[in-house]
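So you know, we letter chains A, B, ... as the sequences are listed, proteins then strands, and number each from 1. Just so you know, these numbers come straight off a predicted model, no measurement behind them.
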Amino acid sequence: PLAETMGKAKELFVLCDKEGKGFITKRDMQRLQGELPLSPEQLETVFESLDRESNGFLTPVEFKTGFGEFVGLDDTT
Amino acid sequence: DPNMKAGAANEGVLANFFNSLLSKKTGSP
């Protein structure tokens, strides 16, 4: 299940990383605005929650960590 | 604790984000 979760995280990461840079910037997040039902503020909140190191970009590891927590949260609901 | 409240709100937004991404992925093959 862990491998499956991480595989899914990678697929979602690619959806955000439109240019295939290998990381996600705030600008990438803002581009998702038209595609996801989230406001710019919410996308910014997501970005900042996932950007643990606050270095301005999301690495696949940070993204997977956030997704892993989400999946963990989901189990309890 | 305001920090805990903010954390809980963020979790909701994160869940919304990941759910939307997941449905986007499954919705568009």
Side-chain angles (χ1 to χ4, degrees), chain A residues 1-2 4-18 20 23-54 58-77, chain B:
Chain A
L2 183 67
E4 198 181 307
T5 300
M6 292 300 110
K8 216 168 248 181
K10 199 182 171 191
E11 288 177 39
L12 299 185
F13 182 88
V14 170
L15 280 181
C16 300
D17 179 20
K18 305 266 185 208
F23 56 88
I24 299 168
T25 62
K26 245 182 210 185
R27 187 194 275 194
D28 290 320
M29 289 300 268
Q30 295 303 336
R31 279 189 200 162
L32 292 168
Q33 210 187 117
E35 304 176 32
L36 303 177
L38 277 84
S39 68
E41 291 77 19
Q42 288 174 320
L43 287 168
E44 180 138 358
T45 300
V46 170
F47 186 89
E48 282 169 5
S49 309
L50 295 178
D51 184 18
R52 311 264 157 149
E53 294 181 15
S54 301
L58 292 183
T59 62
V61 172
E62 285 173 322
F63 192 88
K64 282 177 191 174
T65 303
F67 186 70
E69 284 174 8
F70 160 69
V71 173
L73 284 176
D74 209 39
D75 280 346
T76 61
T77 50
Chain B
D1 184 345
N3 284 333
M4 276 185 63
K5 251 185 211 167
N10 284 356
E11 279 172 16
V13 175
L14 273 179
N16 192 2
F17 171 74
F18 283 123
N19 278 323
S20 304
L21 271 183
L22 283 170
S23 53
K24 183 174 151 58
K25 190 176 80 71
T26 51
S28 56

Looking at [X], I want to see if its [atom1] is surrounded by more than 12 non-hydrogen atoms of other residues, nucleotides or ligands under 6.0 Å.
X: A/Lys8; atom1: NZ; value: no
X: A/Lys10; atom1: NZ; value: no
X: A/Arg27; atom1: CZ; value: no

Next item on the list: Examine whether an atom of A/Leu38 lies under 4.5 Å from a heavy atom of chain B, and if so say whether it belongs to the side chain, the backbone or both; otherwise answer neither.
Entry: side chain

Item checked: Given A/Leu36, A/Thr45, A/Leu12, the one that forms side chain to side chain contact (heavy atoms under 4.5 Å, CB included) with B/Phe17 -> A/Leu36

Item checked: Chi angles and distances behind the side chain to side chain contact (heavy atoms under 4.5 Å, CB included) call for A/Glu41, B/Val13 -> CA-CA 10 Å; A/Glu41 291 77 19; B/Val13 175; over 6 Å; no

Check: What is the minimum heavy-atom distance between B/Asn16 and A/Pro37, and which atoms define it?
Finding: ND2-O, 4.4 Å

Note to self: Looking at every heavy atom in both A/Cys16 and B/Leu21, which two are closest together, and how far apart are they?
What the structure shows: SG-CD1, 3.7 Å

Checklist line | With sequence neighbours excluded, residues passing salt bridge (Lys or Arg N to Asp or Glu O under 4.0 Å) with A/Asp17 | finding: A/Lys21

Note to self: The criterion is salt bridge (Lys or Arg N to Asp or Glu O under 4.0 Å); which residues satisfy it with A/Lys26, sequence neighbours excluded?
What the structure shows: A/Glu44, A/Glu48

Margin query: When you compare the side chain of A/Phe70 with that of B/Leu14, does any pair of heavy atoms fall below 4.5 Å?
Written below: no

